[in-house]
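These values consider heavy atoms only, across backbone and side chains, with no hydrogens, waters or symmetry-generated copies. In what follows, chains are A, B, ... by sequence order, proteins preceding strands, each numbered from 1.
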Amino acid sequence: MTPGDAGPGFGWLAGRSSEIAPRLLGLFVVCGDRAGRIVEVEAYEGADDPASHAYRGPTPRNGVMFGPHGHLYVYRSYGMHWCANVVCGPTGEASAVLLRAVEPVAGIEAMWADRPRARRSSDLGSGPGKLCAALGIDGSHNGADLLDPLSPVRLARPPAGGAPGRAVVAGPRIGISRAVERPWRYALAGNAHVSRPRPWSLT
DNA sequence: TTTCCGATGTACT
DNA sequence: GTACATCGGAAAA
């Protein structure tokens, strides 16, 4: 395996999203020629999480959430934005991690071109909808295998000796009205590319 | 700076 | 008909 490839060793990706979510921070999401470093995520469980799309069982939209771990669940939000999740529950049990923010790493010129209204670099990926627009993720990527090096969208480890590990902060999930007390939003402390700087209730 | 609000596809009451 | 895992422009402060 060469640096930048997912390769083997992602077995830990199968399990409860609330435990896996913080471990995704720092990894790269690669889509075509573009890449971003994951700096903010949220965990969504299944039947036990009223805020999850999977709470009421499988539908045509959320079907990928019930499939094998390591795949990408993409859905349309508020009728106009795309949002992307990393599926981590075993087949039959929905559990996924919403990608909320990335720090641009590669293909940055293309990101600016696709999002002409962005003023600062931190406007490119600081939100689940913006993140998909910047990386070029859309509904055609729903179900993509993130662990397959040939996939159009995949996870990758940061280059060896790259960004040093940083503290993780946690807080309530954003934009939901149910199960708001669960501190399942995770981010790299102090990162300028997070969608919202606060609130953080735990570390 | 913060607050308010419209756009609009999918799922559910 | 209503809610929603959002975003960005306009108005208010």
Side-chain angles (χ1 to χ4, degrees), chain A residues 16-22 24-25 29 31 36 38-67 69 71-89 93-104 111-144 146 153 169-187 192-202:
Chain A
R16 292 182 64 81
S17 59
S18 52
E19 296 171 1
I20 290 167
L24 290 174
L25 297 172
V29 178
C31 184
I38 301 172
V39 298
E40 179 186 347
V41 297
E42 280 178 358
Y44 287 88
E45 302 286 351
D48 59 343
D49 182 4
S52 172
H53 285 175
Y55 181 57
R56 300 168 189 283
T59 68
R61 176 175 70 162
N62 68 17
V64 173
M65 277 186 82
F66 291 85
H69 75 276
H71 286 241
L72 191 70
Y73 164 47
V74 182
Y75 70 94
R76 201 188 282 282
S77 174
Y78 289 89
M80 60 196 83
H81 307 294
W82 296 107
C83 293
N85 296 251
V86 176
V87 174
C88 46
E93 285 180 38
S95 194
V97 177
L98 171 68
L99 301 177
R100 280 198 61 89
V102 294
E103 179 178 330
M111 295 181 187
W112 281 110
D114 271 7
R115 310 199 60 260
R117 288 179 295 192
R119 312 282 306 202
R120 302 175 293 179
S121 136
S122 57
D123 293 330
L124 292 173
S126 57
K130 291 187 262 188
L131 173 162
C132 286
L135 292 176
I137 294 173
D138 61 28
S140 73
H141 298 107
N142 189 37
L146 293 166
V153 196
V169 289
R173 293 177 289 184
I174 300 295
I176 59 170
S177 59
R178 308 167 65 164
V180 295
E181 75 286 357
R182 302 185 192 187
W184 286 352
R185 176 187 178 215
Y186 304 92
H193 298 263
V194 166
S195 65
R196 285 189 173 103
R198 51 197 155 82
W200 304 112
S201 55
L202 312 170

Only counting residues at least two apart or in another chain, list the ones meeting side-chain contact (heavy atoms from CB on, under 4.5 Å) with [X].
| X | value |
| --- | --- |
| A:P172 | A:P199, A:S201 |
| A:S17 | A:A43, A:E45, A:C88, A:S95, A:V97 |
| A:C132 | A:W82, A:A84, A:I137 |

Residues that A:N62 engages under side chain to side chain donor-acceptor pair (under 3.5 Å), provided they are two or more places apart |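 Side chain to side chain donor-acceptor pair (under 3.5 Å) list for A:N62, sorted by chain: A:T59.
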Residues in contact with DNA chain B, drawn from residues 128-138 of chain A - heavy-atom cutoff 4.0 Å =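 Those residues whose heavy atoms fall under 4.0 Å from DNA chain B, taken from residues 128-138 of chain A, amount to none.
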Can you tell me if A:H71 uses its side chain to pair, donor with acceptor, with the backbone of A:G143 under 3.5 Å?
->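 Yes; at least one donor-acceptor contact below 3.5 Å.
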Where chain A begins and ends its contact with DNA chain B, read 5' to 3' at 4.0 Å from heavy atoms =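 First and last nucleotides in contact are B:dA7 to B:dT13.
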Return the set of residues passing salt bridge (Lys or Arg N to Asp or Glu O under 4.0 Å) with A:D138 (not counting sequence neighbours), or none when no residue passes.
->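 Testing A:D138 for salt bridge (Lys or Arg N to Asp or Glu O under 4.0 Å), a comparison that skips the adjacent residues, returns none.
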Residues forming a salt bridge (Lys or Arg N to Asp or Glu O under 4.0 Å) with A:R173, sequence neighbours excluded |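 With sequence neighbours excluded, A:R173 shows a salt bridge (Lys or Arg N to Asp or Glu O under 4.0 Å) to A:D49, given in chain and number order.
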So do the side chains of A:H193 and A:V102 get within less than 4.5 Å of each other, counting heavy atoms only?
->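 No; the side chains remain at least 4.5 Å from each other.
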With A:V74, which of A:V64, A:N142, A:N85 fulfils side-chain contact (heavy atoms from CB on, under 4.5 Å)?
->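 Single pass found, and it is A:N142.
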Only counting residues at least two apart or in another chain, list the ones meeting ring pair (Phe, Tyr, Trp, His ring centres under 6.0 Å) with A:Y55.
->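 Ring pair (Phe, Tyr, Trp, His ring centres under 6.0 Å) list for A:Y55, sorted by chain: empty.
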Distance (rounded to the nearest 0.5 Å) between A:Y73 OH and A:C83 SG =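 One finds 9.0 Å between OH of A:Y73 and SG of A:C83.
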Name the atoms and distances for all side-chain donor-acceptor pairs under 3.5 Å in residues 179-187 of chain A, with sequence neighbours left out.
from: A:R182; atom 1: NH1; to: A:D48; atom 2: O; distance (Å): 3.0
from: A:R182; atom 1: NH2; to: A:D48; atom 2: O; distance (Å): 2.9
from: A:R185; atom 1: NE; to: A:E40; atom 2: OE2; distance (Å): 2.7
from: A:R185; atom 1: NH2; to: A:E40; atom 2: OE2; distance (Å): 3.0
from: A:R185; atom 1: NH2; to: A:R196; atom 2: O; distance (Å): 2.7
from: A:Y186; atom 1: OH; to: A:S18; atom 2: O; distance (Å): 3.1

Taking any atom under 4.0 angstrom from a heavy atom of chain A, which nucleotides of DNA chain C are the first and last to qualify, 5' to 3'?
->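 Contacts span C:dC4 to C:dG9, reading 5' to 3'.
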Contact class for A:R76 (heavy atom, under 4.0 Å): base, sugar-phosphate, or nothing?
->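 Counting heavy atoms under 4.0 Å across all strands, the contact made by A:R76 is with sugar-phosphate only.
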Which part of the nucleic acid does A:I176 contact within heavy-atom distance under 4.0 Å: base, sugar-phosphate only, or nothing?
->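 The answer is sugar-phosphate, as A:I176 gets under 4.0 Å only of primed atoms, P, OP1 or OP2.
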DNA chain C: stems of at least 3 consecutive Watson-Crick or G-U pairs, cut-off 3.5 Å?
->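 The stems that DNA chain C takes part in, listed by first number, are B:1-7 with C:6-12, B:9-12 with C:1-4.
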Can you tell me, in whole Å, how much space there is between the P of B:dC5 and that of C:dA13?
->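 So the two P atoms sit 12 Å from each other.
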Contact nearer the 5' end of DNA chain C, comparing A:V97 with A:R115 =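 It is A:V97, whose closest nucleotide lies nearer the 5' terminus.
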Under the ring pair (Phe, Tyr, Trp, His ring centres under 6.0 Å) criterion, do A:Y44 and A:H53 qualify, and how do the steps go?
-> CA-CA 8 Å; A:Y44 287 88; A:H53 285 175; 7.4 Å; no
